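Residue numbering restarts at 1 for every chain, and letters A, B, ... go by the order of the sequence lines. The shown structure was predicted, so the numbers you read here are calculated from the model rather than taken from an experiment.
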Amino acid sequence: MLDTTTPVASWQDVTVRYPYQPHVSAGPATMAILPGERLLLLGPSGSGKSTLLQTLTGLIPQTVLADVAGTVTLFGQEVGARHPAQWASAVAQLFQNPEQMLCGMTIEDEVAFALENQGLSEPDIRCRVNAALDGVGFSSAQRSRRTTTLSGGEKQIVALAALLAQHARLLVIDEPTAHLAPAAASRLRRLLMAAPATQSIALVDHRLDGMLGLIDRVVTIDGTGRVVDGGEPRGFFRRCRGMLAALGIWVPLAAELDAALAAAGIVLERPPLTMEEAIDELVALPQPQLALALAVSRSFMPRHCFAGRDRGLPGEPVAVLSEVHCAPPFGPVTLRGVSLAIRRGERLAILGPNGAGKTTLGATLAGVLRPRHGRRTGALGGLCLQNPENQFLTATVRDEVLAGLDGAAEHADELLAGWGLAGLGERHPLELSEGQKRRLALAAVTAGPARPLLVLDEPTAGLDAAGEVKLRQRIADLAEQGRAIAIVTHDLDFALRACPRAIIVAEGRILADGPTAELLSDQALLARADLEQPAVMVLGRWLEQGLC
Amino acid sequence: MLSTLHPLPKLVICCVWVMASILIFDATFQLLAIGAVAAALIVLERRSPLMVVALMVPFALFGFGFLTTSVLFRHESDYALRIARETPFGGTALSAGLVLFLRAIACGMASALFVLTTDPGALVKAMMVSWRLSPRIGYSLFSAMHLTRDMASEAQQMRMARAVRRGRPPRRIPGPLEMASLVVPLLAYAIRRASRTAIAMEARGLGAVPRRTVFAAPRYRPADLVFAVSAVTLLVLAAGIAGSAPNTLSKIVSTCLK
Amino acid sequence: MNTQNSWTLREILIVAAIGATFGFLYLGWVQVWLISQALFGPVTMDVMMGFWFIASIVAAAIIRKPGAALLAEVLAALIEVMLGSPAGLLLVLAGLVQGAGAEAVFAVTRWRDYRVPVLMAAGVGSAVFSFVYTWIRFDYGALAPGLVVAMFILRCLSGALLGGLAGYWITRALYRTGALSGLRIDRDWREARA
Ligand SMILES: Nc1ncnc2c1ncn2[C@@H]1O[C@H](COP(=O)(O)OP(=O)(O)OP(=O)(O)O)[C@@H](O)[C@H]1O
Ligand SMILES: Nc1ncnc2c1ncn2[C@@H]1O[C@H](COP(=O)(O)OP(=O)(O)OP(=O)(O)O)[C@@H](O)[C@H]1O
Ligand SMILES: [Mg+2]
Ligand SMILES: [Mg+2]
């Protein structure tokens with residue numbers, strides 16, 4: 001029978017220090033995961049979430065060297081009693097960077113690998129592999145492709161399928177949706193919701209809008225890796241919104257609205273986790289309060305949509321693609337007959353499903369990737385790659401930003417501090433947390449040589465709320481200077497806030513081009529492109545309907 | 001067609017052909033061997049003849065070294081001549097260099113046939129099942145084999161990143177200096193990838209259970225037997241033709257040269 | 001931690017990766033050698049031979065465990081054959097002999113010392129072993145003794161410089177990229193600096 005009191009996993013005063021680092025990198029942390037519980041671990045970027053999760057099966061310190069103090073217990077046993085590989089039958093882990101997970105096999109083998117290692121029978125494995133790949137929506141024609149030829153999001157989907165196929169008692173999932181298109185993220189949520197009640201889940205994510213319905217309990221750690229607070233999500237976000245904001249941790253939009261309403265004296269009965277829930281509550285309000293709530297909501301809207309002057313259109317084009325065929329390096333043509341112009345000071349969002357060719361289009365637009373057919377005109381642009389690791393060419397964080405700054409060393413420290421990377425100047429760029437890597441890449445590219453065009457590929461993946469604010473502000477500054485900026489992103493709320501213009505890439509071409517808010521309210525278009533309405537638009541639609 | 005065969009018989013057959021090419025010091029045989037591999041690639045694998053010819057170029061370049069060496073430097077041709085006299089099918093070769101040249105192409109093409117038509121994953125799985133290769137060694141070989149294939153796209157990524165930093169679009173084909181400057185970064189990438197793979201494989205339980213299943217391992221089918229028998233028959237035939245008319249080709253060439 | 005001579009999965013994979021990369025590079029070096037040989041004559045081989053020992057030097061300097069040198073060199077030869085080296089299967093034997101030469105030198109230091117002179121000595125070890133091998137294969141006994149001595153000296157020099165010293169440079173450059181953190185070389189070099 002299910003024992004609901006002894007935790008499946010617990011950390012007792014755990015601290016981790018990476019080798020030769022002067023400071024503790026994570027902890028001291030004390031927390032536990034109960035059987036069948038779905039725990040969400042929140043914390044600012046670089047606080048030690050990934051590190052703590054990797055101590056759970058002893059990967060740290062047994063495979064990745066580090067000093068670990070305190071005790072980690074798994075299923076009542078001290079974790080060091082077994083080799084990390086021997087925990088794999090009970091604990092399935094998803095690393096933050098999907099490239100860390102995959103070993104370069106075919107999609108099918110990648111999913112089967114963990115099951116082979118457990119010695120399951122072959123028909124059993126076949127059955128589970130098919131179920132897992134069907135579940136995440138990979139067509140059988142693709143299953144013998146090698147994972148090294150997949151797009152960033154497709155890699156993440158395969159890694160997730162491999163995780164789910166393991167049917168482990170404990171799932172440890174680190175930022176599963178960072179590279180997923182909104183509809184793919186919803187599919188994942190449904191899969192996790194359908195998991196048996198005996199399965200416990202420990203989840204880390206920054207962008208949670210869909211995931212919260214799944215969560216039983218939230219635990220927050222602060223910038224130094226200490227556990228500060230936690231609780232059942234509804235009450236928690238209402239109670240701790242201020243603290244979370246101060247730590248730079250992301251808060252769901254519905255909780256922001258809840259707080260705005262509370263400030264106006266309206267207290268919703270049930271703290272909402274999603275915009276839909278919030279609207280349900282609002283509709284039920286009596287009349288005088290409803291009018292006030294409408295007014296509050298209306299003033300809430302513009303804060304989360306693109307505001308400000310749009311200086312993009314009048315400028316001259318900085319890069320033009322005319323009738324271009326785009327193809328990834330050594331890959332087949334993915335986009336045909338693309339014509340696109342981006343102008344001085346313009347901010348353009350590139351949206352679309354996973355594997356549509358957004359990254360390919362971004363690199364072609366920047367002039368880094370040669371089109372297979374057709375012409376690109378304009379100077380070479382800057383490019384921030386989807387996997388920031390591919391971008392680092394030097395051995396220290398400081399050199400990485402200096403490469404663009406023409407040697408102004410004092411300036412480098414200032415720049416790093418601005419991106420929350422103070423004190424990391426001497427570190428190797430690959431020995432950072434994923435969010436820190438992303439910020440470093442963004443800092444280096446956006447401060448680098450003044451290119452007329454910048455292409456940022458998934459800049460929000462791995463960023464916490466503070467990082468996102470910094471990014472938006474930097475983008476606004478650059479646009480103000482007349483630089484054109486193209487942003488490939490799955491974060492539609494971000495696209496809506498940062499970019500007045502968007503294109504949707506799907507079905508091998510540019511499906512739509514227009515004002516972001518307009519495109520994102522076209523339901524039919526969104527469904528075709530694996531996108532979903534961002535939370536603000538849900539509120540916006542309700543307000544419009546309320547008006548008529 | 002060839003790609004669907006079981007990798008192990010194919011490996012053994014290719015090795016046998018390579019051995020035969022080394023032992024049978026005869027131009028006719030080498031030509032027949034090259035022809036057989038090219039025909040297999042074009043007819044059975046539906047590769048374009050142009051691609052097959054392109055494939056021969058690097059081996060031909062290497063073989064050309066033997067040709068020039070044996071023509072220009074006595075030492076190597078002495079050696080080759082001696083070998084030629086020793087081998088049963090040899091006879092007195094006038095132009096040993098030519099044989100060495102063709103042998104380089106023949107050996108190269110036989111290996112290339114195997115590499116082109118074999119998936120490293122299937123090879124490793126077959127070795128784990130049939131030869132009881134340890135999974136740790138098996139997957140190390142597997143990632144080493146894939147590494148050489150992925151090196152090109154990784155190099156391309158690095159060139160893109162450098163181009164962005166320099167502000168000049170990358171050249172279509174890297175020059176020798178650029179290639180040399182990529183050696184250490186590529187090696188670092190290879191080592192990093194190996195470290196990462198180790199973590200991923202341990203996290204997913206490699207080596208936890210003594211008896212590991214091998215999923216979708218290649219199976220022996222009648223086609224493998226057909227392939228093995230016909231390849232060996234072909235080999236014997238080719239050797240027979242070469243033996244009955246030793247070094248006709250060399251003779252023709254040398255008469256022409258005279 | 002990390003004190004016994006048993007290999008971790010990471011180390012096995014790294015040696016495989018080093019073998020594969022150098023197998024690739026060796027094939028390129030073959031072309032360079034061929035061109036030089038056409039230009040400068042047969043002794044060129046001895047002058048350039050050293051580079052073909054480098055995989056064992058680099059692997060041993062990084063992993064610092066018995067067998068690394070041998071394994072890396074054999075793997076590099078295997079990959080070279082797989083990629084279609086025209087020298088054929090005999091190349092694996094050559095790789096085995098060269099790797100054994102380097103391994104023998106490291107064995108003398110009981111796999112404890114990997115400073116530059118030892119690495120250069122390992123290159124010379126490979127050179128000596130490979131010289132014996134080519135002596136048998138190409139019948140050097142029939143050549144003029146003066147030429148053989150010159151070839152031997154050139155090959156040893158090449159082993160020390162193109163193998164040992166260049167191997168050390170590559171290892172150092174690799175160390176600077178941070179890819180070697182957590183390996184034995186990392187521990188030893190940090191201790192040496194402290
Ligand atoms: N290999 C490493 N060597 C040294 N320090 C490291 C290494 N990896 C991570 N760190 C440091 O340890 C701290 C915790 O990193 P971790 O990856 O656990 O953060 P995180 O909470 O997961 O952040 P993110 O949200 O950005 O992924 C960070 O300050 C990071 O700089
Ligand atoms: N080397 C390759 N060989 C074959 N196909 C490739 C290769 N690289 C990428 N592809 C394919 O090209 C398509 C476009 O890839 P791209 O990375 O541009 O997608 P994307 O829109 O950025 O996706 P994501 O949102 O997942 O990052 C994908 O379907 C991918 O599978
Ligand atoms: Mg993390
Ligand atoms: Mg992409």
Side-chain angles (χ1 to χ4, degrees), chain A residues 54 57 59 62-64 83-89 92-93 95 99-106 108-109 112-122 125-126 129 146 148-149 162 166 329-330 363 366-370 379-383 385 390-393 403-404 430 445 448-449 451, chain B residues 119-122 124-125 128 135-136 139-140 142-147 149-150 152-172 181 185 188-189 192-217:
Chain A
Q54 286 189 39
T57 56
L59 274 175
Q62 293 191 48
T63 305
V64 179
H83 189 264
Q86 286 165 328
W87 287 114
S89 57
Q93 263 188 316
F95 296 147
E99 310 224 337
Q100 271 171 339
M101 232 21 245
L102 304 176
C103 309
M105 308 169 200
T106 63
E108 212 171 42
D109 285 347
F113 186 71
L115 311 179
E116 293 178 296
N117 290 334
Q118 289 172 32
L120 298 184
S121 77
E122 210 176 331
I125 298 184
R126 162 75 53 202
V129 167
R146 281 192 59 213
T148 38
T149 65
Q166 287 191 54
F330 306 106
V368 176
L369 199 60
R370 265 172 219 278
L380 185 80
L383 175 64
L385 299 172
N390 289 337
Q391 191 162 329
F392 302 142
L393 298 174
L430 297 186
V445 167
R451 301 276 157 67
Chain B
D119 168 43
V124 166
K125 283 180 177 182
M128 286 193 294
R136 271 157 64 110
Y139 277 107
S140 301
F142 168 85
S143 52
M145 284 187 279
H146 269 318
L147 188 66
R149 299 187 179 192
D150 298 339
S153 61
E154 184 57 31
Q156 195 60 27
Q157 281 271 11
M158 284 178 194
R159 297 181 64 221
M160 273 166 61
R162 288 179 177 191
V164 168
R165 195 153 289 184
R166 278 204 213 100
R168 255 179 289 128
R171 291 204 281 173
R172 221 176 272 268
S181 72
Y189 158 76
R192 268 224 167 78
R193 194 169 102 148
S195 313
R196 203 163 258 197
T197 308
I199 298 174
M201 288 186 167
E202 285 193 348
R204 294 202 267 165
L206 182 67
V209 177
R211 275 203 69 83
R212 183 178 182 279
T213 322
V214 180
F215 171 68

Which answer fits B:S143, side chain, backbone, both or neither, if we ask what part of it has an atom under 4.5 Å from a heavy atom of chain A?
-> neither
Is chain A contacted by the side chain of B:A188, its backbone, both, or neither, given a heavy-atom distance below 4.5 Å?
-> neither
Proximal component of B:Q156, with respect to chain A [non-hydrogen, under 4.5 Å] = side chain
Looking at B:G167, B:A163, B:G121, B:G207, which one has more heavy-atom pairs under 4.5 Å with chain A than the rest?
-> B:G167
Would you please test B:T213 and A:E116 for side-chain hydrogen bond (donor to acceptor under 3.5 Å, both in side chains) and show each step?
-> CA-CA 5 Å; B:T213 322; A:E116 293 178 296; over 6 Å; no
Any side-chain heavy atom of B:Q157 sitting closer than 4.5 Å to one from A:L385?
-> yes
Between B:S153 and A:F330, which heavy-atom pair has the shortest distance, and what is it?
-> CA-CE1, 3.6 Å
Any idea which of B:R165, B:M160, B:R162 has the most non-hydrogen atom pairs under 4.5 angstrom with chain A?
-> B:R165
Apply side-chain contact (heavy atoms from CB on, under 4.5 Å) to the pair A:Q118 and B:R212, showing each step before the final yes or no.
-> CA-CA 7 Å; A:Q118 289 172 32; B:R212 183 178 182 279; over 6 Å; no
Donor-acceptor contact present, side-chain A:N117 to main-chain B:R204, <3.5 Å = yes
One option among B:R159, B:M201, B:R211, B:M158 has the most heavy-atom pairs under 4.5 Å with chain A, and it is B:M201
Sort out for me which of A:A363, A:P329, A:G104 touches chain B most, counting heavy-atom pairs under 4.5 Å.
-> A:G104
Minimum heavy-atom separation for B:A216 to A:R126, with atom names?
-> CB-NH2, 4.2 Å
Measure across A:V368 and B:V164 and return the closest heavy-atom pair with its distance rounded to 0.1 Å.
-> CG2-CG2, 3.5 Å
For side-chain contact (heavy atoms from CB on, under 4.5 Å), just list the numbers for B:E202 and A:H83, CA-CA rounded to whole Å, side-chain angles, deciding distance to a tenth of an Å, and then say yes or no.
-> CA-CA 9 Å; B:E202 285 193 348; A:H83 189 264; 3.7 Å; yes
Passes side-chain contact (heavy atoms from CB on, under 4.5 Å), A:L380 versus B:R168? Steps please.
-> CA-CA 7 Å; A:L380 185 80; B:R168 255 179 289 128; 5.6 Å; no
If one checks every heavy atom of A:A162 against chain B at 4.5 Å, the contacting part turns out to be side chain
Side-chain touch A:Q100/B:I199, heavy atoms, less than 4.5 angstrom | no
Verify side-chain contact (heavy atoms from CB on, under 4.5 Å) between A:L120 and B:F215, making sure each step is shown before the conclusion.
-> CA-CA 9 Å; A:L120 298 184; B:F215 171 68; over 6 Å; no
Could you look at A:V64 and say if it's the side chain, the backbone, both or neither that has a heavy atom under 4.5 Å from chain B?
-> side chain
Determine the minimum heavy-atom distance between B:A161 and A:N390, stating which atoms define it.
-> CB-O, 3.7 Å
Pairs of heavy atoms under 4.5 Å with chain B: top-ranked of A:G381, A:A114, A:S121, A:A379 | A:A114
B:F142 portion near chain A, given a 4.5 angstrom heavy-atom threshold | side chain
Does any heavy atom of chain B fall under 4.5 Å from the side chain of A:L59, the backbone, both, or neither of them?
-> side chain
Would you check if A:D109 and B:K125 make a side-chain contact, meaning some heavy-atom pair closer than 4.5 Å?
-> yes
Do you know the tightest heavy-atom contact between A:F95 and B:A200?
-> CE1-CA, 4.3 Å
Between A:Q166, A:M101, A:Q391, the one whose heavy-atom pairs under 4.5 Å with chain B are most numerous = A:M101
Checked B:A208, B:A198, B:P185, B:P135 vs chain A; the most non-hydrogen pairs under 4.5 Å come from B:A208
